[in-house]
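Note sheet for the following structure.
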Amino acid sequence: PEGFFEAEAAGLHWLSAVEDGVPVPEVLAAASDCVILAWVEQGSKTPPEAAATFGQQLARTHAAGADEWGLDHDGFIGRLPLPNKTSGSWAEFYAVRRLLPYLKLARDRGAITDGDAAVVEAVVGRLTELVPDEPPARLHGDLWNGNCLWGQDLAVHVIDPAAGGANDRLPAFL
């Protein structure tokens with residue numbers, strides 16, 4: 001989609017700004033049709049210590065915080081738009097920018113029953129009492145193994161973020 005690669009490059013720059021944070025390949029160029037990153041030579045075997053180091057780096061990235069909920073530009077989660085306009089609280093941001101847009105999409109596509117949607121809406125109505133009121137953390141936003149490059153340098157490099165200021169300690173049921 002339009003703006004996809006520029007949003008990815010901006011998210012990678014934002015994540016890489018944390019000293020001793022999670023490794024991010026250098027963004028060499030970004031345009032409307034591509035993003036070019038420095039090459040990360042991937043390793044076939046990575047020791048458990050690399051994963052532990054990655055966890056520590058990720059914790060430092062989260063602890064660096066963010067100026068606001070979301071980010072100064074919209075992004076993407078896969079090919080779907082990811083609205084990042086800030087809100088006054090984490091509960092409001094999470095409801096309005098993360099849960100409700102995708103609930104509507106699921107309803108429109110027939111991927112969720114009305115009963116299940118009502119359960120989600122009931123939780124949304126209780127978010128202010130369910131989620132902690134704390135400042136935003138600096139998050140990758142779409143961190144799964146497919147967005148990690150396990151390098152021969154024994155570092156885990158992150159790519160393809162849906163970056164933004166968010167809460168990194170949601171209750172398990174969310």
Any pair with a residue in residues 134-150 that passes salt bridge (charged side-chain N to carboxylate O under 4.0 Å, His left out), sequence neighbours left out, goes on the list, sorted by first then second residue, please. Glu134-Arg169
Let's go through Asp133 and Trp90 carefully: what are the C-alpha distance in whole Å and the side-chain angles of both, what is the deciding distance for side-chain contact (heavy atoms from CB on, under 4.5 Å) to 0.1 Å, and is it a yes or a no? CA-CA 7 Å; Asp133 184 23; Trp90 170 241; over 6 Å; no
Return all side-chain donor-acceptor pairs below 3.5 angstrom for residues 1-19, not counting sequence neighbours, or 'none' if the list is empty.
unit_1, atom_1, unit_2, atom_2, d
Glu6, OE2, Ser32, N, 3.3
Glu8, OE2, Asp160, N, 3.4
Ser16, OG, Leu12, O, 3.3
Ser16, OG, His13, O, 2.9

Considering all heavy atoms of both residues, which atom of Ala155 and which atom of His157 are nearest to each other, and what is their separation? O-CD2, 3.5 Å
What pair of heavy atoms forms the shortest contact from Ala95 to Val124, and how long is it? CB-CG1, 3.7 Å
Report the residues that fulfil side chain to side chain donor-acceptor pair (under 3.5 Å) with Ser87, sequence neighbours left out, ordered by chain and then residue number. none
Rounded distance [0.5 Å steps], NZ in Lys104 versus CD1 in Ile112: 13.5 Å
Side-chain contact test, heavy atoms from C-beta onward, threshold under 4.5 Å: evaluate it for Phe93 versus Asn167 and give yes or no. no
Report yes or no: does Arg107 contribute a side-chain atom to a donor-acceptor pair with the main-chain N or O of Thr113 at less than 3.5 Å? no
Are the side chain of Asn84 and the backbone of His73 linked by a donor-acceptor contact shorter than 3.5 Å? yes
Is the closest side-chain heavy-atom distance between Leu154 and Thr53 below 4.5 Å? no
Do the side chains of Ile159 and Pro25 get nearer than 4.5 Å, heavy atoms only? yes
Donor-acceptor pair, distance only, cut-off 3.5 Å: does the side chain of Thr61 make one with the backbone of Val22? yes
Trp39 side chain near Leu28 side chain, heavy-atom distance below 4.5 Å: no
Which atom pair, heavy atoms only, marks the closest approach of Gln57 to Pro23? OE1-CD, 3.2 Å
